[in-house]
Asks: 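Can you keep this structure in mind? I'll have questions shortly.
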Amino acid sequence: MRRKAFSLLEACWETGCMAVSQTMTKSTAYDFEQVERTWQQRWEEQDLYRVDEDPSRPKYYCLEMFPYPSGRLHMGHVRNYSIGDVVARFKRMRGYNVLHPMGWDAFGLPAENAAIQHNIHPSKWTWENIDFMRRQLKRLGISYDWRREFASCHPDYYKWTQWLFLRFYERGLAYRKRASVNWCPNCATVLANEQVVQGRCERCDTEVTTRELEQWFFRITDYADRLLEDLDRLEGWPEKVKTMQRNWIGKSYGVEIHFPLQGRDGHLAVFTTRPDTIFGATYMVVAPEHPLVDTLIEDAPGKDEIRRFIEDVKKQDEIARTSEEGDKVGVFTGSYCINPFTGEPIPIWIGNYVLMGYGTGAIMAVPAHDQRDLDFARAYDLPVRVVIAPPEGEAPDAATMTEAYAEPGVMVNSGPFSGLPSQEGWQRIAEEIERRGMGRRRVQYRLRDWLISRQRYWGCPIPVVYCGHCGIVPVPDDELPVLLPEDVAFKPTGRSPLLDHAEFVQTTCPKCGGPAKRETDTMDTFVDSSWYFLRFADPHAADGPFGKEKADYWMPVDQYIGGVEHAILHLMYARFFQKVLADMGLSTAQEPFTNLLTQGMVLKDGAKMSKSKGNTVDADEIVAKYGADTARLFTLFTAPPERDLEWSDAGVEGASRFLNRVWRLVTELAAFLPGAAAGAQNGAAAGNGAALTEADRQMRRVIHRTVQRVTKDVEERFHFNTAISAIMELVNAFYQYKERGDAMNRAVVAEGLQKLVLLLAPFAPHLAEELWHRMGHEESVHLQPWPDFDPDVVRTEEIEIAVQINGRVRDRLVIDADASQEEMKAAALELERVRAAVEGREIVRIVAVPGRLVNIVVK
RNA sequence: GCCGGAGUGGCGGAAUGGCAGACGCGGGCGACUUAAAAUCGCUUGGGCAAACCCCGUGCGGGUUCGAGUCCCGCCUCCGGCACCA
């Protein structure tokens with residue numbers, strides 16, 4: 001029987017609260033629209049999420065990857081920021097001084113494409129998008145300190161990107177060189193290695209070609225070892241991301257060996273990780289681009305044919321060489337070098353499978369012990385010589401083998417080294433090479449220097465000028481920023497409009513005052529995002545990129561959250577920057593992000609949402625129809641953060657239904673409480689009553705147990721889905737309890753409602769805030785301490801355990817929670833069904849696990 | 001090919017080596033209603049008419065009193081890398 005008095009109207013009357021919708025509706029329906037707007041406004045007026053340095057409290061820096069202002073938020077953004085907001089709000093309630101900022105990664109190609117397609121200036125397009133998306137973010141009610149907002153395309157920011165570039169330049173970490181680089185014909189710009197995916201442009205999927213160009217690079221390879229080593233210290237990073245970075249850096253130990261050329265001066269340098277196989281080297285291969293090629297083919301009879309081959313490979317190179325494992329092709333140069341260990345001549349070939357960009361661009365080929373070399377040897381009928389035998393079993397037959405033996409073993413056919421374990425031989429041969437001055441041990445990385453030049457307009461200008469007299473001259477600090485001119489024309493030629501902007505290009509040399517030309521390339525936008533997390537610590541700094549004290553107070557980021565697609569690119573560049581800045585003394589932290597959470601994608605119909613597939617869900621529509629709290633709750637409840645999330649309209653309905661269920665429960669029960677606030681504040685009152693019935697005690701147990709579960713799930717595991725399901729169970733239990741009507745204990749209800757709303761605050765901040773105020777509180781729920789639980793209340797006196805016979809559950813048993821194993825066994829044997837099952841059989845053993853079960857093993 | 005991750009009801013997903021399927025969605029039944037929606041209960045892995053029972057966490061083995069969980073060998077899917085010498 002339900003009390004009629006459980007009406008919203010009366011709830012408000014009795015509590016005398018000043019809550020929002022009191023004045024606007026008599027219906028019990030939850031008006032999310034009104035509630036969310038009102039509180040968003042109130043929070044903003046009160047500057048509720050403003051944060052400053054406070055040495056008296058522990059700091060917590062929670063950061064979500066800032067978005068590119070593409071136009072509108074998608075559900076992936078909603079998910080990302082909802083996750084971050086739970087963390088930020090939870091930590092705030094836990095007493096941390098939480099920095100939770102947001103900004104815009106605002107330089108980039110889409111703005112230029114929009115300029116060409118819709119005849120709108122990239123700047124205008126970008127700023128309009130930012131305005132729109134900022135409104136969307138505010139509509140979601142994420143707890144950002146908006147005073148810290150900035151966009152990377154603003155001169156106040158990119159001035160410091162340029163300033164940092166100059167510091168890199170001074171330290172020799174920014175340099176210019178001519179190199180064969182990746183070129184995307186569609187984007188009409190060069191790309192870093194990291195931006196080429198399977199031979200295609202990461203952004204537009206166009207096949208990437210190569211070009212010889214003079215470009216700016218960052219010397220990230222100088223930091224390869226530190227970037228690799230320090231991965232071991234990042235215990236809060238997913239193993240997967242660390243593995244990807246390790247592979248990308250690709251450290252390998254080997255030996256550079258100089259093979260003297262036969263009949264002429266000089267030598268051919270190769271890099272190998274298997275010096276122990278040198279006696280098996282039957283030919284050499286150099287990359288078509290190798291500088292020695294012209295010399296090597298000088299006297300070859302079919303010189304023209306060889307040249308044609310080289311050109312063919314270079315062309316093939318552009319299309320297929322990286323995208324698929326094509327056939328290995330090559331041609332003999334006509335030249336030989338001498339194997340310094342055997343003295344025999346070895347033919348030098350040119351081959352498509354050797355890359356100029358790795359090692360020395362030349363290899364010694366050991367077909368018996370390297371699959372690629374074996375493939376090539378079989379194709380051109382080159383000799384195969386086995387020099388490593390397996391530790392056990394027979395050595396492969398050189399004449400017939402089709403699979404190279406690449407494992408360690410015992411050296412054979414290797415002169416004085418024969419009989420040695422190959423690993424030992426590795427060192428002995430390396431020593432011998434060094435002793436004879438024919439090379440040295442060395443470490444080789446797969447990682448290349450970071451190509452940062454872009455032949456595009458909408459990016460941060462590289463602050464250098466070219467002077468006929470003085471060469472490359474950095475722009476002096478006091479002339480920064482080098483402003484991106486706004487009055488430029490966009491044509492679909494792919495040519496950067498900066499090239500045609502005479503006022504920009506024509507300048508004077510800061511050194512000699514003579515005429516000079518400005519650099520017209522801009523920086524890769526990954527440069528902008530490599531230090532933004534530091535700027536958030538001091539976003540308005542005017543005399544430096546950020547103040548060291550503030551940076552040192554906030555850094556490193558305690559929790560970083562974003563998509564796994566940035567596992568290599570952004571996350572490695574940012575680590576590189578942080579280390580350089582630490583070396584420069586600008587910031588102390590060696591690593592930028594202590595803990596990393598890589599969220600899964602939002603899928604629909606099993607595929608990533610994309611415009612081209614037409615399976616997108618618009619964040620605005622969902623928020624308009626269900627409200628921000630529902631949108632957030634759905635993304636948090638449907639899957640754990642790191643997994644992919646399959647979109648479900650029914651799931652959104654479910655989230656909405658739950659919030660309404662909470663709304664009804666709390667508003668109705670609030671009416672039951674006289675002076676709700678007083679009771680709610682006094683949780684202890686619920687505990688000291690001998691007046692508590694069994695049902696009251698049980699309800700209290702559920703309340704405290706829920707606090708325990710939610711705290712654990714959020715704090716230790718970031719499992720928001722199970723945290724929310726625990727809250728759902730509490731609500732279900734409350735509905736059961738509510739059936740008791742007047743028999744309910746008011747102190748228990750008050751305590752339960754209070755804790756429920758507090759638990760809900762990080763997940764559904766608007767609803768929680770509204771209910772909190774309706775319960776008679778004046779201060780924001782988001783400023784309250786996180787609820788605690790009493791372990792004594794959680795504990796039960798009696799528990800139900802399973803009783804198994806031979807591992808199968810046959811019965812259940814209610815027993816004292818602290819019963820001894822002996823008591824458990826005895827009680828189990830008393831059971832009717834156990835006696836029947838045991839009758840006439842031998843009990844082999846009995847296992848009793850306190851709190852769990854008893855297992856009786858019979859024969 | 002190499003390196004990760006994942007395979008659990010109709011679906012999303014839960015389970016420190018200890019009662020598989022929490023919670024939600026969907027379904028079924030009931031209450032309220034003239035009726036429907038909403039809401040509130042109850043119910044819902046499969047087999048059997050049902051009880052008891054049997055079978056169930058991708059497949060095949062193993063360890064264990066006890067395995068979704070640990071070990072060995074496979075299969076499938078997803079992600080990353082891919083001539084890196």
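First the proteins, then the strands, lettered A, B, ... as listed; each starts at 1.
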Asks: Take atom P in B:rU69 and the same atom in B:rG58, then report the distance between them in whole Å.
Replies: 8 Å
Asks: Should B:rU39 form a Watson-Crick or G-U wobble pair with both distances under 3.5 Å, which nucleotide is its partner?
Replies: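 Partner of B:rU39: B:rA31.
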Asks: If we take the P atom in both B:rU57 and B:rC25, what is their distance in whole Å?
Replies: 27 Å
Asks: Does A:R661 offer a backbone N or O that forms a donor-acceptor pair with the side chain of A:Y735 under 3.5 Å?
Replies: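 Such a contact is found between A:Y735 side chain and A:R661 backbone.
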Asks: Taking the inter-plane angle between the rings of A:W647 and A:F634 on a 0 to 90° scale, is it parallel (under 30°), tilted (30 to 60°) or perpendicular (over 60°)?
Replies: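 Correct class here is perpendicular.
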Asks: Taking the same atom, C1', in B:rC29 and in B:rA22, what whole-Å distance lies between them?
Replies: 23 Å
Asks: Quick one: is A:R657 getting a side-chain N or O under 4.0 Å of the B:rG26 phosphate, OP1 or OP2?
Replies: yes
Asks: With a 4.0 Å cut-off on heavy atoms, is A:V809 in touch with a base, just the backbone sugar-phosphate, or nothing at all?
Replies: sugar-phosphate
Asks: Could you tell me how far B:rC83 sits from B:rG73 if I compare only their P atoms? Round to whole Å.
Replies: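 B:rG73 and B:rC83 have their P atoms separated by 28 Å.
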Asks: Report yes if a side-chain nitrogen or oxygen of A:R446 is closer than 4.0 Å to either non-bridging phosphate oxygen (OP1 or OP2) of B:rA82; otherwise report no.
Replies: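 Affirmative; the distance criterion is met.
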Asks: Any strand is fair game: report the nucleotide pairing with B:rC2 by Watson-Crick or G-U wobble, both distances under 3.5 Å, or none.
Replies: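 When the pairing criteria are applied, B:rG80 turns out to be the nucleotide that pairs with B:rC2.
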Asks: Report yes if a side-chain nitrogen or oxygen of A:R833 is closer than 4.0 Å to either non-bridging phosphate oxygen (OP1 or OP2) of B:rC53; otherwise report no.
Replies: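 Answer yes for this pair, as a side-chain N or O of A:R833 is under 4.0 Å from OP1 or OP2.
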Asks: Is any side-chain nitrogen or oxygen of A:N732 closer than 4.0 Å to OP1 or OP2 of B:rG24?
Replies: yes
Asks: Measuring only the C1' atom in each nucleotide, how far is B:rG27 from B:rC78? A whole number of Å is fine.
Replies: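 B:rG27 and B:rC78 have their C1' atoms separated by 31 Å.
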Asks: With a 3.5 Å limit on both atom pairs, tell me what B:rG9 is paired to, counting Watson-Crick and G-U wobble, or say none.
Replies: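 Paired with no nucleotide.
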Asks: With heavy atoms under 4.0 Å as the rule, sort A:E729 into base, sugar-phosphate or nothing.
Replies: sugar-phosphate
Asks: So, A:F720 versus A:F718, ring centres under 6.0 angstrom or not?
Replies: yes
Asks: Starting from the 5' end of RNA chain B, give me the residue, A:A639 or A:K240, whose nearest nucleotide shows up first.
Replies: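 Final value for this comparison: A:K240.
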Asks: Ignoring backbone atoms, establish whether A:S252 has a side-chain N or O less than 4.0 Å from OP1 or OP2 of B:rA85.
Replies: yes
Asks: OP1 or OP2 of B:rA82 less than 4.0 angstrom from a side-chain nitrogen or oxygen of A:Q371, does that happen here?
Replies: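 No, no such contact exists.
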Asks: Determine the contact category for A:Y445: base if any of its heavy atoms lies under 4.0 Å from a base atom, sugar-phosphate if only primed atoms, P, OP1 or OP2 are that close, otherwise nothing.
Replies: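 No contact.
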Asks: Quick check on B:rA14: is either OP1 or OP2 less than 4.0 Å from any side-chain nitrogen or oxygen of A:R709?
Replies: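 Answer is no, no contact under 4.0 Å.
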Asks: Establish, for the pair A:R446 and A:W248, whether the NZ or CZ atom is under 6.0 angstrom from the six-membered ring centre and no further than 45 degrees off its axis.
Replies: yes
Asks: Heavy atoms under 4.0 Å, any strand shown: does A:G654 hit a base, just sugar-phosphate, or nothing?
Replies: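 Touches sugar-phosphate only.
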Asks: In whole Å, measure the gap between the C1' atoms of B:rG62 and B:rU16 for me.
Replies: 24 Å
Asks: OP1 or OP2 of B:rC55 less than 4.0 angstrom from a side-chain nitrogen or oxygen of A:R808, does that happen here?
Replies: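 Indeed, a polar side-chain atom of A:R808 lies that close.
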Asks: Contact class for A:Q804 (heavy atom, under 4.0 Å): base, sugar-phosphate, or nothing?
Replies: base
Asks: Which whole number of Å gives the distance between the P atom of B:rA35 and that of B:rG9?
Replies: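 Rounded to whole Å, the distance is 40 Å.
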Asks: Has the side chain of A:R664 got a donor or acceptor atom that lies under 3.5 Å from a matching backbone atom of A:Y30?
Replies: no
Asks: So A:S648, base contact, sugar-phosphate only, or nothing? Heavy-atom distance under 4.0 Å.
Replies: nothing
Asks: Quick one: the side chain of A:N247 and the base of B:rC81, do they pair up donor-acceptor inside 3.5 Å?
Replies: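 When only heavy-atom distances are counted, A:N247 does not reach the base of B:rC81 through any donor-acceptor pair under 3.5 Å.
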Asks: Kindly say whether A:V803 contributes a backbone atom to a donor-acceptor pair with the side chain of A:D811 at under 3.5 angstrom?
Replies: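 No.
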Asks: B:rC74 pairs with which nucleotide, Watson-Crick or G-U wobble, both distances below 3.5 Å?
Replies: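 B:rG58 is the nucleotide pairing with B:rC74.
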Asks: Main chain of A:T635, side chain of A:T638: is a donor-acceptor contact present, judged purely on distance under 3.5 Å?
Replies: no
Asks: My understanding is that a pair needs two contacts under 3.5 Å, Watson-Crick or G-U wobble. By that rule, which nucleotide pairs with B:rC52?
Replies: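 Here B:rC52 is not engaged in any pair, so there is no nucleotide opposite it.
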Asks: Assign A:N806 to base, sugar-phosphate, or nothing according to its heavy-atom contacts below 4.0 angstrom with the strands shown.
Replies: nothing
Asks: Have a look at A:V849 and say if it touches a base, only the backbone sugar-phosphate, or nothing, with a 4.0 Å heavy-atom cut-off.
Replies: base
Asks: So, is A:N721 close to the B:rA14 phosphate, meaning a side-chain N or O under 4.0 Å from OP1 or OP2?
Replies: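 Checking A:N721 against B:rA14: at least one side-chain N or O falls below 4.0 Å of OP1 or OP2.
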